[in-house]
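Everything below concerns the one structure shown next.
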Amino acid sequence: MKKYLFIISMLLMFITALPVPAIIRNVPDDYATIQAGIDAAVSGDTVYVKAGYYNEKITLKSYVKVIGAGYKSTWIYGGGSGSTVFANNAINALLEGFSIYGAGSESSDAGIKIYDGSVIVSKNRIYYNTNGMYIYGESYSIIKNNLIYRNGDTSNAVLNYGLICLHSTVNITNNLIYDNYETAVYIGWEDSSDTTFINNTVVDNGDNGIWCYKSSPTIKNNIFTGNSTGISASHDGKPSISYNDVYGNTWRDYDAQSGGEAAPGTGDISENALFANQSGNDFFLLEGSPCIDAGDPNPIYNDPTGDRNDMGAYGGECSIFYAFETGLSTGFVFTSIGQIPVSEIDQTGTRAGLVNVSAAVADDLHIPQYVDSAFGSFLWLNGQFGIEDESVRYYQILVAKWPNSSTPPSADSFVPLEDNLTKIRYTVLSSGQVIPKRYHVGPLGYGGLKGLYSRTNDGYYAHPDLKLIWDTGNFENGKYEITCKGYNSSYSEVSLPVNDNTSITLVVNNTPVEAQIHEVYHNGTLIQECDIIDMDPVDNLLFFVTARHPQGLLRSYDIEALYGKNHSAGYIISATYSPGRSPVWYGISNTGQDTGDINWEECAYQFRLRVRARITNGFNYIYSREFNDHYFIQTD
């Protein structure tokens with residue numbers, strides 16, 4: 001009898017110890033307010049908030065995720081008093097996917113206020129608050145991939161901040177912090193010295209870019225420009241400064257006061273970062289930016305492609321690009337290729353697979369307005385499974401080439417992609433310390449399946465929506481169909497509903513452009529290389545030029561005449577793609593081009609031909625070529 005009682009008691013203990021399944025609590029379907037969903041949640045639950053405006057203040061809870069449908073569609077308005085979001089002793093809480101605004105006007109009010117806890121704040125827009133974020137009281141938090149701008153109240157006698165950190169250890173990484181009315185970031189007191197400020201872009205703030213008061217945080221791989229002061233340290237603040245671009249701040253780039261130390265460190269530069277459009281708040285780095293591959297060379301800071309770290313918010317493992325959250329309940333959708341939403345990729349007609357970004361989307365997301373552009377090089381494929389699809393633990397990304405321009409591939413022609421993918425996983429210890437570690441996502445040799453990858457939805461990862469970085473250079477040019485399959489923990493395929501963008505079409509082309517100045521004539525006479533040309537100030541030259549893309553994906557070409565020390569005499573030729581009935585433009589091949597009206601100076605001249613393709617890797621245009629020809633012009 002005792003034996004049976006023992007077995008029964010052990011069974012009861014086992015049943016009691018079984019984990020309680022996490023619950024998804026939907027707002028407003030199941031709960032009228034966000035706070036009602038949080039109040040009902042227990043450890044491990046997710047409060048999922050659908051798109052809409054929510055006029056309420058919320059308080060986060062330990063071990064509960066609060067996820068919005070995306071910062072462009074889900075707003076929390078604080079009503080103009082107090083703090084909009086508050087976390088009081090909340091451990092391992094997550095706040096993601098919201099626009100947060102409307103905090104009160106008191107000096108301690110903030111869009112997000114964190115006291116004595118560990119909170120991950122990710123992919124939010126924090127704007128129009130007295131303080132954007134206020135972190136204090138021995139908090140340990142991760143602040144990554146957020147837009148923090150236009151916070152502060154200049155009518156208030158007290159200084160306000162985009163982000164203020166007091167007596168806390170915070171990991172602040174890959175945020176765009178710009179156009180705040182006063183100081184962008186303030187890190188105060190000795191016990192904030194373990195804070196790290198890495199790969200952020202801090203631009204056009206009214207006062208300091210970052211101010212270290214009695215604190216010595218790590219400041220690395222950032223861009224500071226257009227602020228009153230770039231990096232400031234006072235009252236024995238001695239930050240560890242390295243590999244930043246600190247340039248063009250209106251008062252000082254570095255400012256040391258009252259025993260503080262602020263000066264260029266190892267790897268620091270002071271050069272124009274070459275943003276795509278700083279006045280339009282597009283802080284992506286253009287080709288040729290001195291910040292590209294200029295961050296700390298330690299591999300732990302590398303970009304996910306394995307390249308050396310780029311300075312600023314678009315560099316490093318947590319590079320800020322948004323996954324364009326969908327609010328999907330079940331199934332799978334591709335959301336973006338790099339920074340380009342799938343909505344901007346044509347899926348029908350003669351332009352199927354080409355990128356055509358509307359002016360509104362280009363302005364909203366700070367990306368180029370691509371026109372009839374193909375894809376090439378390494379493509380970041382971003383996608384999401386539905387929030388209800390907890391059984392999906394692994395996935396495959398499959399691709400097939402269209403046999404011709406009008407015939408989609410057959411189901412049996414798809415093959416799994418097998419490009420290596422790693423991510424950074426963040427573990428928050430009970431002490432609040434955050435430990436980053438590289439995690440091999442795939443491909444994995446499980447279940448006899450090729451190209452199998454782990455679904456990184458359990459825990460905190462850099463780029464949770466990044467499904468694969470596809471090296472298209474290993475594939476022929478052409479039109480491709482890409483889709484996804486999900487698998488459970490037993491490696492059996494999970495049947496998922498088909499949604500729009502479960503499968504997408506992309507045109508891939510890795511052919512470079514052609515650029516050459518073949519011959520130059522003056523008054524019918526062929527000019528030899530490096531010749532001295534005797535000519536009147538108003539004489540013309542005739543250039544025979546090739547500027548083309550063999551598959552018709554030319555974007556633009558021009559020849560600029562330069563003389564002396566970078567003086568420009570103007571453009572001899574200049575042409576840009578104009579969309580027509582067919583998205584094809586080859587350019588010119590060994591065609592004569594007259595210089596036209598140029599007033600020549602007696603000087604050495606460089607004629608610079610630049611040719612550019614309509615091909616993108618999802619972050620910017622790629623594939624351009626330059627050809628230079630040099631002569632000395634001697635005038636009568």
Side-chain angles (χ1 to χ4, degrees), residues 34 38 46-49 54 57-72 74-76 78 83-103 109-129 131-149 151 161-166 168-177 180 184-187 192 195-202 313 318 320 322-323 325 424 426-428 432-434 436 459-465:
I34 302 172
I38 295 172
T46 297
V47 177
Y48 180 72
V49 184
Y54 297 85
K57 299 178 182 66
I58 66 172
T59 300
L60 302 179
K61 181 186 286 189
S62 294
Y63 302 101
V64 172
K65 300 177 183 178
V66 182
I67 300 176
Y71 78 92
K72 289 183 61 184
T74 317
W75 289 265
I76 305 178
S83 294
T84 304
V85 178
F86 185 44
N88 184 11
N89 293 294
I91 306 299
N92 271 2
L94 171 70
L95 181 74
E96 180 177 293
F98 294 95
S99 280
I100 298 164
Y101 68 111
D109 291 340
I112 301 173
K113 192 171 185 178
I114 301 172
Y115 172 75
D116 191 22
S118 59
V119 181
I120 293 181
V121 179
S122 175
K123 296 185 182 179
N124 301 287
R125 174 167 55 185
I126 305 158
Y127 65 147
Y128 295 113
N129 303 283
N131 296 288
M133 296 191 64
Y134 197 112
I135 305 170
Y136 66 117
E138 298 184 359
S139 293
Y140 296 84
S141 293
I142 297 173
I143 313 301
K144 68 182 179 75
N145 297 147
N146 300 283
L147 299 174
I148 304 174
Y149 66 95
N151 298 285
Y161 308 91
L163 187 155
I164 179 171
C165 169
L166 304 175
S168 296
T169 298
V170 184
N171 179 321
I172 306 166
T173 181
N174 292 96
N175 302 279
L176 292 176
I177 308 173
N180 293 283
V185 178
Y186 179 93
I187 301 174
S192 294
T195 290
T196 56
F197 192 79
I198 298 175
N199 275 111
N200 301 280
T201 296
V202 186
C318 295
I320 186 170
Y322 294 98
E325 295 85 348
I424 294 292
Y426 297 94
T427 301
V428 183
Q433 184 181 6
V434 179
Y460 305 120
Y461 290 86
H463 310 308
D465 296 323

Taking every non-hydrogen atom, the tightest pair across [X] and [Y]:
| X | Y | result |
| --- | --- | --- |
| Y186 | L166 | CE2-CD2, 3.6 Å |
| A93 | L60 | CB-CB, 4.4 Å |
| C318 | K144 | SG-CD, 4.4 Å |
| S141 | G117 | OG-O, 3.8 Å |
| N146 | K123 | OD1-N, 3.3 Å |

Legend entry - Between N151 and N180: side-chain donor-acceptor atoms closer than 3.5 Å: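 Side-chain D/A pair, N151 to N180: present.
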
Legend entry - Y136: ring-ring contact (aromatic ring centres under 6.0 Å, His included) partners, not counting sequence neighbours: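 So Y136 forms a ring-ring contact (aromatic ring centres under 6.0 Å, His included) with Y115, Y134.
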
Measuring from [X]:[atom1] to [Y]:[atom2], what's the distance to the nearest 0.5 Å?
| X | Y | atom1 | atom2 | result |
| --- | --- | --- | --- | --- |
| I148 | N129 | CD1 | CG | 10.5 Å |
| I91 | Y140 | CD1 | OH | 10.5 Å |
| I58 | I76 | CD1 | CD1 | 4.0 Å |
| I126 | I112 | CD1 | CD1 | 3.5 Å |
| R125 | L147 | CZ | CG | 7.0 Å |
| N174 | N199 | CG | CG | 5.0 Å |

Is [X] reaching over with its side chain to a backbone N or O of [Y], donor-acceptor style, under 3.5 angstrom?
| X | Y | value |
| --- | --- | --- |
| S99 | T74 | no |
| T46 | K65 | no |
| N124 | S122 | yes |
| T201 | A313 | yes |
| N88 | T59 | no |
| T195 | S192 | yes |

Legend entry - Residues forming a side chain to side chain contact (heavy atoms under 4.5 Å, CB included) with S83, sequence neighbours excluded: D109, A110, K113

Inset, instruction - Would you please name every residue forming a side chain to side chain contact (heavy atoms under 4.5 Å, CB included) with P436, sequence neighbours left out? - result: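 Side chain to side chain contact (heavy atoms under 4.5 Å, CB included) list for P436, sorted by chain: I424, Y426.
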
Legend entry - Worked verdict on F98 versus V49 for side-chain contact (heavy atoms from CB on, under 4.5 Å): CA-CA 9 Å; F98 294 95; V49 184; 3.8 Å; yes

[X]: side-chain hydrogen bond (donor to acceptor under 3.5 Å, both in side chains) partners, not counting sequence neighbours:
| X | result |
| --- | --- |
| Y127 | W75 |
| N131 | none |
| T196 | none |

Legend entry - I135 and I143, any side-chain heavy atoms less than 4.5 Å apart: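 Yes, close enough: below the 4.5 Å cut-off.
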
Inset, instruction - Evaluate the side-chain proximity of Y161 to V185: yes if any heavy-atom separation is below 4.5 Å, no if none is. - result: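 A side-chain contact is absent here, since even the closest heavy-atom pair is not under 4.5 Å.
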
Inset, instruction - Could you walk me through whether Y63 and N92 pass the side-chain contact (heavy atoms from CB on, under 4.5 Å) test, one step at a time? - result: CA-CA 5 Å; Y63 302 101; N92 271 2; 3.5 Å; yes

Legend entry - Qualifying residue, where the test is side chain to side chain contact (heavy atoms under 4.5 Å, CB included) with M133 and the options are I100, I114, I172: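 It is I114; the other options fail the test.
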
